[in-house]
Amino acid sequence: MSCSGLDDVFLSTSLASYLDKKLLVLLRDGRKLLGILRSFDQFANAVLEGACERVIVGDLYCDIPLGLYVIRGENVVLIGELDLEKEELPAHMISVSVAEIKKAQKAERDATDLKGSMRKRMEFLDFD
């Protein structure tokens, strides 16, 4: 058996232990998905049932329902089981609507863009 074959065995074995459990899946683009793992294959493609995307901006958060969701394995960075008996979020986090979280995301993106443009201006002035 080749080395990649061994990796496939260990990967599938570890994902098998997560079947029918609630998971948090972190994707390469930074999105965080929550749902129950119903199926997976040798490429770590996964099917989440009752999936939702958890969006967090500062102290605000929103769970956007996605339903049955297929995740391409190459986009997965991390998979972790959630403890159903523990509170998922700190007490100071505030649940908001989808519209409010989208507005907060846009404001955060705009602030980041402004910070980046200011840094470019400062580099241009060469204050080093």
Side-chain angles (χ1 to χ4, degrees):
M1 183 180 267
S2 70
C3 285
S4 64
L6 286 174
D7 290 342
D8 290 342
V9 169
F10 291 127
L11 178 66
S12 64
T13 303
S14 63
L15 281 179
S17 66
Y18 290 125
L19 277 172
D20 299 325
K21 294 184 179 169
K22 189 169 183 180
L23 304 179
L24 169 71
V25 181
L26 179 64
L27 301 180
R28 279 193 329 192
D29 63 4
R31 289 185 294 159
K32 295 167 269 320
L33 304 178
L34 295 106
I36 299 170
L37 182 66
R38 291 301 182 197
S39 182
F40 66 93
D41 64 12
Q42 71 270 24
F43 304 109
N45 297 323
V47 177
L48 293 182
E49 180 181 33
C52 64
E53 179 182 356
R54 175 155 293 164
V55 181
I56 300 173
V57 179
D59 285 344
L60 306 177
Y61 80 94
C62 180
D63 288 339
I64 302 170
L66 303 171
L68 192 64
Y69 205 76
V70 178
I71 303 169
R72 188 173 173 97
E74 68 182 26
N75 293 321
V76 175
V77 174
L78 177 123
I79 295 178
E81 183 179 353
L82 295 175
D83 188 350
L84 299 177
E85 295 184 15
K86 290 188 176 179
E87 186 65 34
E88 291 181 21
L89 290 167
H92 70 277
M93 299 293 288
I94 301 166
S95 178
V96 296
S97 69
V98 175
E100 289 176 283
I101 204 71
K102 295 289 183 188
K103 192 183 299 183
Q105 274 184 313
K106 184 177 180 346
E108 184 178 59
R109 230 180 353 264
D110 291 346
T112 302
D113 292 346
L114 178 62
K115 184 178 177 182
S117 66
M118 293 299 287
R119 182 173 288 134
K120 286 179 185 176
R121 289 180 192 159
M122 297 303 285
E123 287 173 359
F124 174 73
L125 294 173
D126 196 27
F127 281 123
D128 290 335

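Keep in mind that the numbers below use all heavy atoms, side chains included, and drop hydrogens, waters and symmetry copies. Numbers here simply count residues along the sequence, with the first being 1.
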Query - Arg38/Asp20 under side chain to side chain contact (heavy atoms under 4.5 Å, CB included): CA gap, chis, key distance, verdict - result: CA-CA 6 Å; Arg38 291 301 182 197; Asp20 299 325; 2.6 Å; yes
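- For Lys102, the side chain to side chain donor-acceptor pair (under 3.5 Å) test picks out no residue, with sequence neighbours left out.
- Tyr61 is not connected to Val96 by any chain of hydrophobic side-chain contacts under 4.5 Å among Ile, Leu, Val, Met, Phe, Trp and Tyr, and they are in different clusters.
- With rounding to the nearest 0.5 Å, the separation of CD1 in Ile56 from CD in Gln105 is 11.0 Å.
- Considering only residues two or more places apart in sequence or on other chains, Glu108 meets the salt bridge (charged side-chain N to carboxylate O under 4.0 Å, His left out) condition with none of them.
- Residue Leu23 holds its CG atom at 6.5 Å from CG of Leu48, rounded to the nearest 0.5 Å.
- Residues satisfying the salt bridge (charged side-chain N to carboxylate O under 4.0 Å, His left out) test with Arg109, not counting sequence neighbours, are none.
- Scanning all heavy atoms of the two residues, the minimum distance from Arg54 to Leu34 falls at CB-CD1, 3.5 Å.
- Legend: residues meeting side chain to side chain donor-acceptor pair (under 3.5 Å) with Glu81, ordered by chain and number and at least two apart, are absent.
- Distance alone, capped at 3.5 Å, places no donor-acceptor pair between the Asn75 side chain and the Arg28 backbone.
- Cluster partners of Leu26, using a side-chain heavy-atom cutoff of under 4.5 Å among ILVMFWY residues and allowing indirect links, are Val77, Leu78.
- For Tyr69, the side chain to side chain donor-acceptor pair (under 3.5 Å) partners are Arg31, not counting sequence neighbours.
- At a threshold of 4.5 Å between side-chain heavy atoms, the hydrophobic network of Ile, Leu, Val, Met, Phe, Trp and Tyr places Ile36 and Val25 in two separate groups.
- Taken together through direct or relayed side-chain contacts under 4.5 Å among Ile, Leu, Val, Met, Phe, Trp and Tyr, Ile94 and Val98 form part of one hydrophobic cluster.
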Requested in this report: Check step by step if side chain to side chain contact (heavy atoms under 4.5 Å, CB included) holds for Leu60 and Ile101.
Outcome: CA-CA 7 Å; Leu60 306 177; Ile101 204 71; 4.0 Å; yes
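- Closest of all the heavy-atom pairs between Leu68 and Glu49 is CD1-CA, 3.9 Å.
- Rounding to the nearest 0.5 angstrom, the gap separating the CG atom in Leu15 from the CG atom in Leu37 is 6.5 Å.
- Contact detail for Cys62 and Ser97: the closest heavy-atom pair is SG-C, 3.8 Å.
- Atom CG of Leu66 is separated from atom CG of Leu33 by 6.5 Å, given to the nearest 0.5 angstrom.
- Rounding to the nearest 0.5 Å gives a distance of 10.5 Å between CG of Leu82 and OH of Tyr18.
- Closest approach of Cys52 and Pro65 over heavy atoms only: CB-CA, 4.0 Å.
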